[in-house]
Amino acid sequence: EISACLVGSEMCIRDSFTIARLVPRMLGLNGSSRNASILASYLKHSGHTIEIVDVDAPGDAPAQVDAVCVGSGSASTLRPAATLIIPLVRVLAQWRTHGAHVVAVGTGWDLLGHTVTTPEGEVLPGAGILPSHSDHGGTRFSGEVAGVDYQGRASAGYVNQVGHVKLEGGAKPLMEIDAPESGYPREEGLVGDNVFATRVGGPAFALNPHWCEDVASSLLHARGETLQRTEFHSRIDHAAREARRLIEARLGVARS
């Protein structure tokens, strides 16, 4: 890590980033924990050093991280994952106080919200990091989705989730789904200051690298820097755009 810290002014210049993955062995269904690796690659190809740390308990946690990534899990992991995450609430709050970004997918998003209702109707406490409440008492939706995100950009992915998520007042959804099927809500995900959450898989950052760029750019902006795009970034943008077009074609979505 390149650092130059002046005692008193607390000015630090750092060229490295630390990304924490929460309980990835339990919350990594369908490659959802890979969003951390994709974010790391995005920053690495912009000239930065990245460390990914797996955190399963408070004793694993660094004092400070730049981003926290948590993936999704199966229905059977809901309670045990909640049991592991609750002891990490203080650590999460500490990271957030120091400006850490949160990237959460599926069950991981549910568990970082305020409450999670199980299929049996039991209400489990969440970490309270994200302004949402999840209910797993509804029907399962499994299939591809496509739409337009909060900046008007075409976005797509695969969803395999039960129930629904309710955002608290003022929270901004990530995207609006085109012609949602089987009762899936038109508004999907959550985006805000240093927070990103979605039920879209693929992984989400692989199919939608513009979301990855949003997070990476925000991390760099906090240090007074900008993302230096390279041929790597252009290449994955192109590949993802073609993959999204195939999804839109299968869904019968015509986009101008």
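Heavy-atom basis, side chains included; hydrogens, waters and symmetry copies ignored.
Between atom CG of residue Leu84 and atom CG of residue Leu27 there is a gap of 8.0 Å, rounded to the nearest 0.5 Å. Considering OG of Ser37 and CD1 of Ile52, their distance stands at 4.0 Å, rounded to 0.5 Å. Here OH of Tyr150 is found 7.5 Å from NZ of Lys172. Values are rounded to the nearest 0.5 Å. Of the inter-residue distances, the one linking Asp60 atom CG with Arg21 atom CZ reads 12.5 Å to the nearest 0.5 angstrom. Atom CG of Leu124 and atom OG1 of Thr115 lie 9.0 Å apart (nearest 0.5 Å). Rounding to the nearest 0.5 Å places CD1 of Ile236 at 8.5 Å from NE2 of His45.
Contact detail for Pro203 and Gly31: the closest heavy-atom pair is CG-O, 3.3 Å. Across all non-hydrogen atoms, the minimal contact from Leu130 to His114 is O-CD2, 3.5 Å. Between Ala61 and Val91 the shortest heavy-atom distance is CB-CG1, 3.6 Å. Nearest heavy-atom pair across Ala216 and Leu227 is CB-CD1, 4.5 Å. Shortest non-hydrogen contact noted between Asn208 and Arg244 is OD1-CD, 3.4 Å.
With a 6.0 Å radius and a threshold of 12 heavy atoms from other residues, nucleotides or ligands, Arg34 has its CZ atom at or below the threshold. Environment of CZ in Arg90: sparse, with no more than 12 heavy atoms of neighbouring residues, nucleotides or ligands closer than 6.0 Å.
Look at Arg25 and Asp56 and you find a salt bridge, because one of the NZ, NE, NH1 or NH2 atoms lies within 4.0 Å of a carboxylate O, short of that distance. Using a cut-off of 4.0 Å between Lys/Arg side-chain N and Asp/Glu carboxylate O, Glu248 and Arg245 are scored as not salt-bridged.
Applying side-chain contact (heavy atoms from CB on, under 4.5 Å) to Ile129 and the options Leu92, Val70, Leu111 leaves one that passes, Leu92. Partner Arg235 forms a side chain to side chain donor-acceptor pair (under 3.5 Å) with one of His238, His233, Glu231 and no other, that one being Glu231.
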Derivation of the salt bridge (Lys or Arg N to Asp or Glu O under 4.0 Å) call for Arg153 and Asp214: CA-CA 12 Å; Arg153 300 168 299 192; Asp214 290 348; 2.5 Å; yes
CA sep, side-chain torsions, deciding dist, call: Asp66, Arg223, salt bridge (Lys or Arg N to Asp or Glu O under 4.0 Å): CA-CA 11 Å; Asp66 297 285; Arg223 300 185 182 185; 3.0 Å; yes
side-chain hydrogen bond (donor to acceptor under 3.5 Å, both in side chains) evaluation trace for His210 with Asp237: CA-CA 8 Å; His210 45 280; Asp237 282 351; over 6 Å; no
Residues Asp149, Val191; criterion side-chain contact (heavy atoms from CB on, under 4.5 Å); working and verdict: CA-CA 10 Å; Asp149 75 1; Val191 66; over 6 Å; no
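Judged purely by distance below 3.5 Å, without hydrogens or angles, the side chains of Ser134 and Trp109 never pair a donor atom with an acceptor atom. A side-chain donor from one of Ser72 and Thr107 sits under 3.5 Å from a side-chain acceptor of the other. Glu168 and His133 share a donor-acceptor pair across their side chains, judged by distance under 3.5 Å alone. In summary, the side chains of Glu188 and Ser155 do not present any donor paired with an acceptor at a separation below 3.5 Å, with no hydrogens or angles considered. With 3.5 Å as the limit, one finds no donor-acceptor pair spanning the side chains of Thr230 and Gln228. Side chains of Thr117 and Asp135: no donor on one and acceptor on the other come within 3.5 Å.
Geometrically, Arg199 does not engage Phe141 in a cation-pi contact defined by less than 6.0 Å to the ring centre and at most 45° from the axis. Remark: Arg229 is not positioned above the aromatic ring of Phe232, lacking an NZ or CZ atom under 6.0 angstrom from the ring centre and at most 45 degrees off the axis.
Side-chain heavy atoms closer than 4.5 Å link hydrophobic residues (I, L, V, M, F, W, Y) into clusters, and following such links, even through other members, never connects Val65 to Ile50.
The ring of Phe196 has its center no closer than 6.0 angstrom to the ring center of His101.
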